[in-house]
There are 2 protein chains.
Amino acid sequence: MLAKSSTEIVRQQNSGLVLAQLRRHGPLSHTELSDRTGLSSATVSAITAELERHQVIERQEQAPPAGRGRPRVSFTQRRECGYLIAVRISSDQLEYSLVDYGGTLIDRLEETRRGQDEARSFASALRNTIERLCERSSLSLGEIRVVSISSKGLVDPLQPVLLWSPVFGDVSVDFSAIRGGGLEPDILLSNETRLVAGALARIVERQADERGTLPPRALCALSLGHGIGLGIAHLDPSGEYQVAAPDFGHMLHLANGGLCRCGSIGCIEATAGFYGILRTAFEVPSDTIPARFVPIIEMEKLAANARRGDRQAQFAFRQAGLALGQGLGRMQSLNEKMPVYFTGPGVRFYDLMERGLMEGLGQSRAIRREGMPELHIILDETALVFAGHLDLALGHMDRTAISASQE
Amino acid sequence: MLAKSSTEIVRQQNSGLVLAQLRRHGPLSHTELSDRTGLSSATVSAITAELERHQVIERQEQAPPAGRGRPRVSFTQRRECGYLIAVRISSDQLEYSLVDYGGTLIDRLEETRRGQDEARSFASALRNTIERLCERSSLSLGEIRVVSISSKGLVDPLQPVLLWSPVFGDVSVDFSAIRGGGLEPDILLSNETRLVAGALARIVERQADERGTLPPRALCALSLGHGIGLGIAHLDPSGEYQVAAPDFGHMLHLANGGLCRCGSIGCIEATAGFYGILRTAFEVPSDTIPARFVPIIEMEKLAANARRGDRQAQFAFRQAGLALGQGLGRMQSLNEKMPVYFTGPGVRFYDLMERGLMEGLGQSRAIRREGMPELHIILDETALVFAGHLDLALGHMDRTAISASQE
DNA sequence: AATGTTTTTCTCGACAGTCGAGAAAATAAA
DNA sequence: TTTATTTTCTCGACTGTCGAGAAAAACATT
C-alpha cells in the first residue's frame, strides 16, 4: 500500500538530495547546489540554512576568487558532526576503521584472529575494540553514529544478525549486543561482496553522470576465493541502486556434485571455491570434508602446474569456471543482462577458468538471447569493500542527519 | 540519484492514495477515506473536490441513513471516466475484454486463432478488433485509455514489445503499432504469469490488511503447462509490490538435458513442460524437436497411466517435478524464502510431480537453511489473469487520472 | 412544531515548503 | 570612486497539509 506524503517529507527528501550532492561532488557553492539538484536558489538557501543551524554542514572559509563578481562560498559537511566505525571481518583478521562524517579516515586498527573466537563473546570483544578506538582519538562513545560491519556469508535482511559465515558457521551472531553504556550507533551488517557491488554501482553512476550516458540498469560483483560471493545492484524505479547479496555460492550447481563446507551437496562453491578446485585437481573423493582454509600459495602452485600443462589441474580450474558460468547464466535468466565484475583473490586464476566460464555461460538460453554480459576484472577488492562501507554508512548518516542532530 | 520533490508531488501521491483506497474498498465516504488514508479531513476534502472537478470520482446519490447524524455520502470512481481493453493472447485464442474505469466488464469477445497469424500484421489485426469492440459499445477510440496485453513468453521491460512467445517464437511483435487515428492508449504488455503474481500479491495484501498481519515480503506464481512461467512479486521499501516475470522456463536445468522448443538445450521447460514430460514418458530421444502443441487429453492419458502404475510415466512426471524443484531452489538461493502458488493446466498432475518437486527443493542449501516454502495450488488461473489485467491497468489509470483529464 | 443530539462534512486560519524575481552583497575592472 | 559582474539572500505568491471549529443533515425528545 502507498504511504501518505506531506510537506515535511518533501523537505527531508530535498535535504537528502543536497547532502548527497555535497558528498559525491566535493564542496559546492550555493549556485552549484542549485544547478546540480534542480532546486531553486531560494530553496537551497532554506535547506543550507537549516543544515548549518543543525551543524551538519559548514561554510568553507578559504575563498579563491576565480573571476569577477561576488565570490562563491562553498559548503562542506562538518567532519565532527558524527563518526562511523567500519569493521571488516575476514578469516584471518579484523580490520577497524574510524572515519569522520566527511569520509576521512582517522584511525585504523587491525587484530589478527586468535584461533577460533567464541561466537557468543564476539560482539562484546568487538565492543571493547571500539571503545579502545574511541579513546585513542579521544571521542566519546556517543559520537559514534554508525557501526558498519562486513563479513563473508549470509546476513539477515532485517536485523544485524550474521546467519552463516565461514568464520562462525551456522552459529549466528547478533551484533546489536555491542550497544549500551553510551554507545548507541545504528548497526549496519553487510555481506562483503554486497559492499563491493554497492561501491561499483556508485562508480558507474558517477561515470555515466560525467559522460552524460544512462547508468546501467544493473550490475553484479562476483568475489572468487575460498568461497564465492555475489552482490547485485539494481536500479529501482526511483533511480537509486538497490543492492543485495544472495547466497550465490551455495546455489545448487549439480545435484550429485561435491560436498560443500556448508554441509550441502553440489553447491557452486564446492566446485568453484578454492577447496573445491583443489579437491578436483588432486582427485580427492568429492564427498571428502573440505579443508577449512587453503593457503593461497597452494593455489598458486596448482595454477603454475596448470599453466605448465598439467591436465588434471587445468580440468579443475575449468570445472570451476563452468560452475561459475552456469550459475551466472541461471542468475541472468532470473534477472536481466548485467555486467559482471570479478574480484577477490581468485581473479588471478581467471585465465585458467575462462574457457569453462564461457562454456557455462553459453549454455543458458538467457545469455544466448541477450548476448554475453560484459566481464570485468577488478584487482583491488579491499579498496572497494572500504568504499562500500563508506558509501553505505555515510549515506545512512546523511539520511538521518537532521533528525539525529535534533535530539 | 535521488529525485527532487515538491508540493505538487505530495498532492499527486495523496490523490493516488485516495483513488487506491476507493478502488480496493468499494465506495467510501469522506470519514472513511480520512481514516483509511491517514490524511486529515481537510485534505480529503481538498482532494475529493479536485477529483470531482476533474470528473474522476462522483458522489453516490442513494443514501441509506443508518443511524442518527448527518448521513454519509459515498464517493465512487466515475465509470465513464475512461475505458481499458484487456487482451489475453493464448495459443488457441485471443480474448478481448472491455472494462470501464470502475472495473466493470462491459463487453467480451473471443477470436479463435486461425492457424498461424502473421507476426507483422498482428498488431493491426488487434487494432481492428479493438475498433469493433468500441463500435459495439458506441465508444469513441479516444476513450480507450489503456490497452493491457498479456501473453506467455518474454517481454521487453521498457517497451510494449513481445520478444519471444510460444505463438510467434523469436519474431518480436511491437504493439505500439496499434496506436493512431484517434486511438492513443497507454499500452501495457505483460507476461501472463506476471499478471497472476500481481493478482495474488493484491489478494494476500488484502488478507494481511484484514487480519492485521504483515503482508509477506515476496511471493511467486508458477504456471505449469506446455511451457513454464514464473512471476515474482516483491515488497519494495515503499511498501508496494514490484512484480517481475523472469525467464524461469528457460533457465538452465541440466547442461546435457533435453532440446527445448526455444532451441537451447537443458531448459527447465524441456523437462517440466508438457512436451518434455511426454518425451521422457515415451523415451523419445531428448534431442528430438519437441511438439508444438500437446492436447491436454494426451497428458491426461499419460497421467492416468502413471496413476495406474506405469513406471516410465511416473518417472516422467517425477523428473518434471525434480526440474521444477531444483529451479525453485535455485531461485530461492537468489531471492528470499517465499510462498509458491502453482497454477496452469499442469497443476492437475501435481500429485505425480510432488515427490520429484520435494526432492529437487531439498537439494538446495537455501531451502535446507530456511525450510520448505509454503506451496499452494490455484485452480482458476484464468480469473487471476483477468484480475491481474485489471489491477495493473486500473492502477495505471488511477496514477494518470488527474493529468489525463486535464487535457 | 420546536429544540436538542449526534454524526458527518466543510471551511478557515496557521504552518511548512517551493519558486521566481529582484534586492543586496562582494568583488574585479574601469 | 564608480561601474560591471557574479553570487547570495530575501520577499511575496502559490500549493499543500493540518487542527479546530462551524455548518449541515439527519434522528430523538419535549
Side-chain angles (χ1 to χ4, degrees), chain A residues 2-19 22 27-54 57-76 402-403 406, chain B residues 2-18 21-22 27-54 57-76 402-403 406:
Chain A
L2 289 161
K4 103 177 193 199
S5 194
S6 66
T7 49
E8 281 87 355
I9 290 178
V10 170
R11 168 56 64 92
Q12 199 178 312
Q13 169 83 2
N14 288 341
S15 295
L17 240 184
V18 166
L19 287 176
L22 229 40
L28 291 173
S29 71
H30 180 103
T31 357
E32 287 166 323
L33 280 173
S34 175
D35 288 349
R36 296 202 88 97
T37 59
L39 295 167
S40 76
S41 165
T43 304
V44 171
S45 279
I47 289 174
T48 52
E50 190 185 32
L51 291 174
E52 266 186 296
R53 199 154 39 77
H54 286 81
I57 63 173
E58 63 191 357
R59 284 150 197 272
Q60 250 188 347
E61 288 315 321
Q62 53 96 345
R68 239 146 120 97
R70 180 171 175 172
R72 304 182 163 191
V73 302
S74 294
F75 292 99
T76 14
I402 324 95
S403 44
Q406 270 180 344
Chain B
L2 290 160
K4 104 177 195 199
S5 195
S6 66
T7 51
E8 281 87 354
I9 290 178
V10 171
R11 168 56 63 94
Q12 198 178 313
Q13 170 84 1
N14 288 341
S15 296
L17 240 183
V18 166
Q21 292 299 337
L22 229 39
L28 292 173
S29 72
H30 180 103
T31 356
E32 289 166 322
L33 280 174
S34 174
D35 288 349
R36 296 202 89 97
T37 58
L39 295 168
S40 76
S41 165
T43 305
V44 171
S45 280
I47 289 174
T48 52
E50 189 185 34
L51 291 174
E52 266 187 297
R53 198 153 39 78
H54 286 81
I57 63 173
E58 64 192 356
R59 285 150 195 272
Q60 250 187 349
E61 288 314 322
Q62 52 97 345
R68 239 146 121 96
R70 178 170 175 173
R72 302 184 166 193
V73 301
S74 295
F75 292 99
T76 15
I402 324 95
S403 45
Q406 270 179 342

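Excluded from the calculations below are hydrogen atoms, water molecules and symmetry mates; all remaining heavy atoms, backbone and side chain alike, are included. First the proteins, then the strands, lettered A, B, ... as listed; each starts at 1.
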Taking the side chain as C-beta and beyond, is there a heavy-atom pair between Thr37(B) and Val18(B) under 4.5 Å? yes
Is there a donor and acceptor pair closer than 3.5 Å between the side chain of Ser6(A) and the base of dC18(D)? no
Under 4.5 Å between any side-chain heavy atoms of Ile47(B) and Arg11(B), yes or no? yes
Take Ser34(B) and Thr31(B) through the test side-chain contact (heavy atoms from CB on, under 4.5 Å) and record every step on the way to the result. CA-CA 5 Å; Ser34(B) 174; Thr31(B) 356; 5.5 Å; no
Regarding the side chain of Arg72(B), the nearest nucleotide among dT8(C), dC19(C), dT8(D) is dT8(C)
Atom CG of Leu33(B) and atom C1' of dT8(C): how far apart are they, to the nearest Å? 13 Å
Tell me whether the OP1 or OP2 atom of dC19(C) has a side-chain N or O from Thr43(A) closer than 4.0 Å. yes
Using a heavy-atom cut-off of 4.0 Å across all strands, would you classify Thr31(B) as base, sugar-phosphate, or nothing? sugar-phosphate
Nearest-angstrom distance from the residue atom CG of Leu39(B) to C1' of dG19(D): 14 Å
5'-most by nearest nucleotide on DNA chain D - His30(A) or Asn14(B): His30(A)
Nearest-angstrom distance from the residue atom CG of Leu17(A) to P of dG17(C): 15 Å
To the nearest angstrom, the CD1-P distance between Ile47(B) and dG16(D) comes to 9 Å
Tell me: CZ of Arg11(A) to P of dC15(C), nearest whole Å? 17 Å
Would you say the side chain of Arg59(A) lies within less than 4.5 Å of the side chain of Phe75(A), judging by non-hydrogen atoms? yes
Given DNA chain C, 5'-ward residue of the pair Thr7(B) and Ser29(B), judged by closest heavy atom: Ser29(B)
Rounded distance (nearest 0.5 Å) linking atom CG of Leu17(B) with atom CG of Leu39(B): 6.0 Å
Nearest nucleotide by nearest heavy atom, which residue falls closer to the 5' end of DNA chain C, Arg70(A) or Gln12(A)? Gln12(A)
Grab the CG-P distance between Asp35(A) and dC19(C) for me, whole Å please. 13 Å
Atom pair distance, as rounded to whole Å: CD in Glu8(A) and P in dT18(C): 10 Å
